[in-house]
Amino acid sequence: MKLPLLLLLLISCWAAPAMAQIYRWVDAQGQVHFDQRPRQGAEQVDVKPQVVEREDHVRESEENRQRLYDVREQERAQQRQLSAQQRQRQAARCAQMREQLAMFDQRVFWYEEDAQGRRVEVANEQVQASKNALLERLREEC
């Protein structure tokens with residue numbers, strides 16, 4: 001019972017501004033005034049809604065502007081997607097470099113293959129130089 005009454009009340013409140021009256025009067029100085037409250041000597045004015053038709057070139061201009069807006073939004077969405085992909089690739093590269101850096105601390109001996117395919121131990125200075133180069137790349141890129 002309360003819901004239909006509340007609904008009716010809400011609808012009547014919503015429709016009230018549409019039913020507002022306009023009053024016109026002229027003051028002592030001869031100026032014309034309009035208001036929603038009646039005054040002594042005011043006459044009620046009938047206000048009829050008007051439909052304003054826009055010219056074709058105005059409508060076309062608005063449609064072109066909307067298409068341009070839509071295209072720009074698509075471009076922005078693509079750019080956001082590309083940026084997100086680049087950030088993901090960068091994060092993967094950084095993770096890979098951090099794993100490589102962790103390997104420097106885990107291994108005691110480093111070996112490389114020579115031209116004949118034999119394992120040759122790498123000097124500590126060369127290992128430290130490689131580690132420092134990797135640290136520098138991490139600082140710059142990550």
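Heavy-atom basis, side chains included; hydrogens, waters and symmetry copies ignored.
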In the hydrophobic clustering that connects Ile, Leu, Val, Met, Phe, Trp and Tyr at side-chain heavy-atom distances below 4.5 Å, which members other than [X] occupy its cluster, ordered by chain and number?
| X | result |
| --- | --- |
| Val120 | none |
| Leu68 | none |
| Val58 | none |

Task: Gln85, CD: over 12 other non-hydrogen atoms inside 6.0 angstrom - done: yes
Task: Heavy atoms of other groups near Arg89 CZ, more than 12 under 6.0 Å - done: yes
Task: Heavy-atom closest pair, residues Val122 and Gln126 - done: CG1-OE1, 3.4 Å
Task: Exercise: identify the closest heavy-atom pair between Tyr23 and Arg37 - done: CD1-C, 3.7 Å
Quick one: ring-ring contact (aromatic ring centres under 6.0 Å, His included) pairs with a partner in [range], sequence neighbours left out?
| range | value |
| --- | --- |
| residues 53-84 | none |
| residues 25-46 | Trp25-His33 |
| residues 79-108 | Phe104-Trp110 |

Task: Arg87-Ser83 side chain donor-acceptor pair, cut-off 3.5 Å - done: no
Reported [atom1]-to-[atom2] distance for the pair [X] and [Y], which is rounded to 0.5 angstrom:
| X | Y | atom1 | atom2 | result |
| --- | --- | --- | --- | --- |
| Glu53 | Arg59 | CD | CZ | 6.0 Å |
| Glu121 | Glu112 | CD | CD | 11.0 Å |
| Leu135 | Glu140 | CG | CD | 11.5 Å |
| Leu134 | Gln100 | CG | CD | 5.5 Å |
| Gln96 | Leu101 | CD | CG | 12.5 Å |
| Asp70 | Glu63 | CG | CD | 11.5 Å |

Task: Heavy-atom side-chain contact between Val32 and Arg24 under 4.5 Å - done: yes
Open item on the list: With a 4.5 Å cut-off on side-chain heavy atoms, are Met97 and Glu141 touching?
Closed with: yes
Please name all residues satisfying salt bridge (Lys or Arg N to Asp or Glu O under 4.0 Å) with [X], sequence neighbours left out, ordered by chain then number.
| X | value |
| --- | --- |
| Arg76 | Glu73 |
| Arg139 | Glu136 |
| Arg54 | Glu62 |
| Asp114 | Arg118 |

TODO: Applying side chain to side chain donor-acceptor pair (under 3.5 Å), name anything that partners Gln90, two or more places apart in sequence or on another chain.
DONE: Arg93
Open item on the list: By the disulfide bond (SG atoms under 2.5 Å apart) test, which pairs, at least two apart or in different chains, include something from residues 32-141?
Closed with: Cys94-Cys142
